Amino acid sequence: MERPKLIREDGLRHDGRRPDELRPTRITVGVLNKASGSALVEYGGTKVLAAVYGPREIPQKHLLLPDRAIIRCRYHMLSFSTHERKSPALSRREIELSKVIREALEPVVISETFPRTAIDVFIEVINADGGTRTAAVTAASLALADAGVPMRDLVVGVAVGKVDGVLVLDVDELEDMFGEADMPVAAAPSLGLVTLLQLNGVLTREEFDSALKLALRGASQIYEKSREALRDKYMKVRVEE
Amino acid sequence: MESQETHRALVVPGEAFAEGNYKVLTPSYVIRVNKKYVATVVGLAQVNEEAKEVSVIPLEGSYVPQPEDLVVGYVVGVGLTSWELDIRAPFSATLYAVDFLGRPVNPAKEDLSKYLAVGDTVLAKVEVFDRSRGPIVTTRGKGLGKVTRGTVVEISPVKVARVIGRKGSMHQLLEGETGCEVLVTRNGRILVNCPNKELEDVLAMAILKIEREAHIPGLTDRVKEFIIREKVRRGLIGGEAEAD
C-alpha cells in the first residue's frame, strides 16, 4: 500500500477531521442479557464489545486473593475484525493488551468489597479501525459500571498520534499505520488519574506534553458521552401504558 | 413523596453529588474525594439537607449477604455433611446437614442427596457472613426449608426494596390484587404461590414491570392499574367495578 496523504492542503486530516477532533463516538450500555454488565463502544469504524461477569467464585482457587477481588481481563479480536482473517487464538499482542487493559482498570475498581472473588472482563473487538485498546478500556469500564461493581471513577481511553508532523486526536488505522507516533492514553478524569500510557514512535518533550493535554481533552469528551450512556439506560425506560 | 429537603438524582461512578459534611448512610456506594461525596455505582443519590445525610441506592449490582437475610437458594453441590447453595451472591452458601435435619449425620451411613439433591430449592436465612468465609445459611425457623410448591420469579437483588415498597405497600398491593402468596427474599428470588396459572402470569409480569421501572416515580399506581388491566384482559374479572 502506498503512503497516502494524511494531512490535506486545508490542514484537515484524510477523513476530513480537524487535528483535535474525535471520530463519531457511539456508546451503548447493557447490550447483553446474560452478562452481569456489558457495553458496546464505537469510535468511528472501531467497534468493541465488553462483557463483565461477576464478582464470582472461580474453580482456580489459587488465583484468588484473601483481601480483594481479582480482575481477569481478556482482550480478543474476532477473526473477521481485520482486513485479513485473524487467527482466533490469542496472539502475543492480545495477551499483552489484556494485561495493560486490566492494569488500566484496577486503580478505579474498589475490589476490596469482594474478597476471594474474581471479576471477569471479556472484550471482543468486532471491527478494528485503529484505537481498539482505548475503545476497549472505555467499553470495559462501562461494562463494570453496568454490572454494579463499585468504582472510584470511570476510565476512558483515547489515542493521540503524530502524522505528517501534526499532533492528531483519536488516530484511525491509516494514521496509525503511516504516522510517526501513536500514544494511547486511558484516564479517570474526575480523579485526575492516567491509568494507561503507551507510546509508539518518537515525540519530543514538548510534543509529548501537548499530546498528553490533547489526549486528556479528548478523554473528557468521551467521558461525558460515557456518563450519558450509563444514564440513558434508565432515562430511556418508558413507562408502559 | 419525600420532604422538600431531600434531593434525588441519577448518578454514575465518579460523579460528585454533594459537598460539605454529611453522614454517609451507604458506605459501600459513596466515597469522599476532596470534601466531595462521589458515587461508586450507577444509582439514585439522595441528599437530605435537614438531617445532613447522603446515600446512594444502587440500580445495578449483585447480592451481598447480610446476617438475618431471607434467601432462596438452589442446591448446587452435595457434600458429606453439608450442601452448597447458590444464593446469587459472589460466594456460594453452606447449609450444614446438622442444621437442616436437626440431628447429627453419619456420612458413612447416609447420603445427603436423599434429603436435598442438586437443583432443589431451599428457603433459608443467612446465619453468618463476615467476608473471610463464605456465608452459612440456616433452615431453622418458621416456614424455612425445602420449597415444594410455588414458582420463583427472579429480579435484580438491588430492586428488591421496590417490590416490598414503603412499609410493605407494594407487597400488600401485589398480594391483595392477585390473591397470591408472595414471599420477597433479599437475593431477588421471589417465591409466589398462586391459585391459578393466569394469576401467576399476571403477578410475574407485574413484578418484572416493577424491576424495569423501579427508578420512575408513581410506581405503585401504575402497577395497580397494570394488574387490573391484565385481569380484565384475561377475563379474570368482569370490569372496573369488581376491581376494588
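Here is how names work: the chains are called A, B, and so on, in the same order as the sequence lines, proteins then strands, and each is numbered from 1. Just so it is clear, the values below take in all heavy atoms, side chains as well, and ignore hydrogens, waters and symmetry mates. Everything numeric in this text was worked out from a predicted model, so none of it was measured.
Ring orientation note: the planes of B:Phe91 and B:Phe129 are tilted relative to one another, at an angle of 30° to 60°. Relative ring orientation between A:Tyr53 and A:Phe122 is described as perpendicular, the plane-to-plane angle rising above 60° on a 0-90° scale split at 30° and 60°.
Interface remark: of the candidates B:Ala16, B:Ser92, B:Ala89, B:Ser92 forms the most heavy-atom pairs closer than 4.5 Å to chain A. Among B:Asn34, B:Val33, B:Leu59, the residue with the largest count of heavy-atom pairs under 4.5 Å with chain A is B:Leu59. The residue among B:Gly61, B:Pro58, B:Ser28 with the most heavy atom pairs within less than 4.5 Å of chain A is B:Gly61.
Only the side chain of A:Leu191 comes within less than 4.5 Å of a heavy atom of chain B; its backbone N, CA, C and O stay farther away. Heavy atoms of A:Asp146 lying under 4.5 Å from chain B belong to its backbone as well as its side chain. With a 4.5 Å cut-off on non-hydrogen atoms, B:Ile31 touches chain A through its side chain but not through its backbone. For A:Ala147, the part lying under 4.5 angstrom from a heavy atom of chain B is the backbone only. For chain A, no part of B:Arg88 is nearby; none of its heavy atoms comes within less than 4.5 Å. Contact annotation for B:Ala214: neither backbone nor side-chain heavy atoms come within less than 4.5 Å of a heavy atom of chain A. Only the backbone of A:Val149 comes within contact range of chain B, with heavy atoms under 4.5 Å apart. Both the backbone and the side chain of A:Leu154 come within contact range of chain B, judged by heavy atoms closer than 4.5 Å. Looking at B:Val158, there are no atoms closer than 4.5 Å to chain A (heavy atoms on both sides), in backbone or side chain.
Other residues, nucleotides and ligands contribute more than 12 heavy atoms inside 6.0 Å of the CZ atom of B:Arg234. The number of heavy-atom neighbours closer than 6.0 Å to NZ of A:Lys61, taken from other residues, nucleotides and ligands shown, is above 12. Heavy-atom neighbours of A:Arg93 CZ from other residues, nucleotides or ligands within 6.0 Å: above the threshold of 12. The environment of CZ in A:Arg133 is crowded: more than 12 heavy-atom neighbours from other residues, nucleotides or ligands sit within 6.0 Å.
Classification of A:Asp120 and A:Arg56 as a salt-bridged pair holds, one side-chain N sitting under 4.0 Å from a carboxylate O.
Taking the ring axis of B:Tyr74 as reference, the NZ or CZ atom of B:Arg189 stays within 45° of it and closer than 6.0 Å to the ring centre.
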